[in-house]
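In what follows, a structure is listed as structure tokens, so that the remarks can point back to it.
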Amino acid sequence: MIARLRRVARAWIALTSEQEPPRVLALLRVAVGLVLLGSLFSAYASGVLESMWIDQRYGGALELERTTFWVEVLGGPSRTVIFGLFAAASLSAALVVLGLGGRVPYLVAAQAYDSLVRMNGDTVGSYDSMLTNALYLLFFSAANATLSVDCRLRSGSWTSERPRPAWPRYLLIFQLLVLYGATGLQKLSLTWTPLGGYSALYWVFQDPTWRRFDLSFTAFAYPLLVLGTAVTWHFEIGAPLLLLHYRALRQKGNEGRLHRWLVRWDLRKPFVLVGVCLHTGILLLLNVGPFSLISLAYYLAFLRPHELDRPWSWLRTRLGAGPG
Amino acid sequence: MTPSSTSASFAKLRAALLAFHVLAVVVLSLPGAQVARSNRWQSRLMRQDLADWAAQLEELGIRVSAEELGRTAQGIAESYVAWRSVAVAPFQAYSEVTKARQGWAMFASPQRHPYEFHVDGLTDRGWTPLYRPHDNDARFLAGYLLHNRMRKFQGRFARAMKGHYYEDFTEFVARRALEENPELRAVWLGLYGYASLSPERVRAGERPSGSYDNVRIFGREAQ
């Protein structure tokens, strides 16, 4: 037992010590920063920021039930404080996109954004947690080490190939798989299951709350929605099993049948294909804010740095850094 | 300490902290306190889900009423929440401070009795629709009311209504309508609720019909 625990600990230390060129994390940084900027400006432009996150006493629509830590510290849910946090979050998001300012912008963006959106628990989405989770992991990463202004200022080049810790990328994959597994397990309505005829997507499409346009015509394509529901629910429930594939790839000397099956194909590819189709479908048919975009940003983490060799080489040439 | 031993110690410390993070992600992603909230168990959506489950169990030879099933399930949910609060305690502060939050209940139970928020205005010609979701002839504040965060806010009215938020919200929208439309003498706001139709009924050409709840009227003189 002790020997087994030691083996597991050694493997965990080895895994968390791995290094790789930080190019994937740099792309993820840009994507997360852009989604964050989009989420902030959409709340501002639509009037949500002024009406839902500022208290009635200061011109908002509602007498808010709660406040958040930083809003409280800064003096309460007034226009000045809320717009101040909005400015801080927006500026930090822009710095995250540019890769300027080191780690501080990640911290400020996550804290300011979370403090804003949680002023009203009835306007918060899962995408908000996905954004702040990504910022937290990127804060510890070397996402600014390449394709960034920081890299340019430090080395004179826009890109750097120096290996950096890979664990933030691994944890972003893990976060996405836990998210899918947890949401799948919470789909307790019969309509998601074979017992309810896999009818959930049909009912979602009849609900005006989320659909982009009238989707009642989908009644004429009902078998497709049954298929879509079945694929979605089983995909979510089964997502954490992808970890077995990753584990099997690292196990040497194991020739068992399950191990052979798990390493025979690159199971990432069908997983990513289904996931990208799922989120593209959501993006086209339902208005759930930046949920699909931030999910697709997380999918970048499935890329291994060497899989970007050709586009990266092209990019480096364009930026005058040579093909590397 | 030599550089290599420092580096080995750092690797161990990092591995320990990351193990804590991984554990926190898993534990905090377990469904939260909302599963035991009494207003959730009394909502029409939950009653529909319980009726579905009771019917399904009856087909399997287990006779149980939806109410009885609801009481049992709520009891289990309350015990679970008590257990969860102990399990998440070591990770709660970590999540609060870092904003690395979990909680992923997305479309867990599709709404089959949706509500639409409707706004009408009274002019010299009578009542006229100002806002209907997805109606190009009634698009007052549509950019605002159809924003994804406002959709979520309005969706809550069908699930677990917060009375004071509804009062504040209707007053806010009515005030905007009266300010921006000088010809209006009054504004009418309400929730139009209906049961979504089965695919067979939609294919047969039926349209959902329902009724209005929580109607509020604001006159110009009240402003």
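Convention: sequence-line order gives letters A, B, ...; per-chain numbering from 1.
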Next item on the list: Please tell me if the side chains of A:P290 and B:N148 come closer than 4.5 Å, counting only heavy atoms from C-beta onward.
Entry: yes
Are [X] and [Y] linked by a side-chain donor-acceptor pair shorter than 3.5 Å?
| X | Y | value |
| --- | --- | --- |
| B:N214 | B:Y115 | no |
| B:R14 | A:S17 | yes |
| A:D122 | B:Y165 | no |
| A:S39 | B:R149 | yes |
| A:W167 | A:E18 | no |
| B:Q102 | B:W104 | yes |
| A:Q206 | B:Q111 | no |

Largest heavy-atom contact set with chain A, pairs under 4.5 Å, which of [options]:
| options | value |
| --- | --- |
| B:L18, B:L197, B:D49, B:V202 | B:L18 |
| B:S198, B:A11, B:A16 | B:S198 |
| B:R151, B:R112, B:H134 | B:R151 |
| B:P133, B:G103, B:P208, B:A105 | B:A105 |

For [X], is it the side chain, the backbone, both, or neither that has a heavy atom closer than 4.5 Å to a heavy atom of chain B?
| X | result |
| --- | --- |
| A:T191 | side chain |
| A:Y127 | side chain |
| A:E236 | neither |
| A:R118 | side chain |
| A:F140 | neither |
| A:W203 | both |
| A:Y113 | side chain |
| A:S42 | both |

Measure distances from [X] to the heavy atoms of chain A and classify the residue's part below 4.5 Å as side chain, backbone, both or neither.
| X | value |
| --- | --- |
| B:Y194 | side chain |
| B:A55 | neither |
| B:Q56 | side chain |
| B:R207 | side chain |
| B:L146 | backbone |
| B:V97 | backbone |
| B:D52 | both |
| B:H21 | side chain |

Next item on the list: Fit a plane to each ring of B:Y212 and B:H118, take the angle between them on a 0 to 90° scale, and name the class: parallel (under 30°), tilted (30 to 60°) or perpendicular (over 60°).
Entry: perpendicular
Next item on the list: May I ask you to decide if the ring planes of A:Y198 and A:W233 are parallel, tilted or perpendicular, using 30° and 60° as cut-offs?
Entry: tilted
Chain B contacts, top residue of [options] (heavy-atom pairs, under 4.5 Å):
| options | result |
| --- | --- |
| A:D114, A:V48, A:I13 | A:D114 |
| A:V124, A:N287, A:L137, A:L107 | A:N287 |
| A:T16, A:L201, A:T218 | A:T16 |
| A:W192, A:F213, A:F291 | A:W192 |
| A:L15, A:N120, A:L185 | A:N120 |
| A:Y202, A:F139, A:Y180, A:F69 | A:Y202 |

Next item on the list: Let me see the working for B:R176 and B:E180 under salt bridge (charged side-chain N to carboxylate O under 4.0 Å, His left out), right down to the final yes or no.
Entry: CA-CA 6 Å; B:R176 288 279 303 268; B:E180 293 180 27; 2.9 Å; yes
Notebook entry, point to check: Would A:L215 and A:V204 satisfy side-chain contact (heavy atoms from CB on, under 4.5 Å), going step by step from the backbone distance to the final call?
Noted result: CA-CA 9 Å; A:L215 289 170; A:V204 170; over 6 Å; no
Checklist line | Lys/Arg N to Asp/Glu carboxylate O, B:K99 vs A:D128, below 4.0 Å | finding: no
Checklist line | From CA spacing to verdict: side-chain contact (heavy atoms from CB on, under 4.5 Å), A:L116, A:V71 | finding: CA-CA 8 Å; A:L116 272 180; A:V71 169; 6.0 Å; no
Notebook entry, point to check: So B:F20 and B:Y94, ring pair (Phe, Tyr, Trp, His ring centres under 6.0 Å) or not? Walk me through it.
Noted result: CA-CA 10 Å; B:F20 177 82; B:Y94 172 70; 5.2 Å; yes
Notebook entry, point to check: Quick check, are the ring centers of B:Y192 and B:F117 under 6.0 angstrom apart?
Noted result: no
Check: Is the CH2 atom of A:W12 crowded by more than 12 outside heavy atoms at less than 6.0 Å?
Finding: yes
Check: Do other residues, nucleotides or ligands put more than 12 heavy atoms under 6.0 Å from the CZ atom of A:R247?
Finding: no
Notebook entry, point to check: Under 4.5 Å, heavy atom to heavy atom, which residues of residues 222-231 of chain A contact chain B?
Noted result: A:Y222
Distance-only donor-acceptor hits, side chain of residues 56-64 of chain A, under 3.5 Å, sequence neighbours excluded:
{"unit_1": "A:Q56", "atom_1": "NE2", "unit_2": "A:A61", "atom_2": "O", "d": "3.2"}
{"unit_1": "A:Q56", "atom_1": "NE2", "unit_2": "B:D168", "atom_2": "OD1", "d": "3.3"}
{"unit_1": "A:R57", "atom_1": "NE", "unit_2": "A:D55", "atom_2": "OD2", "d": "3.1"}

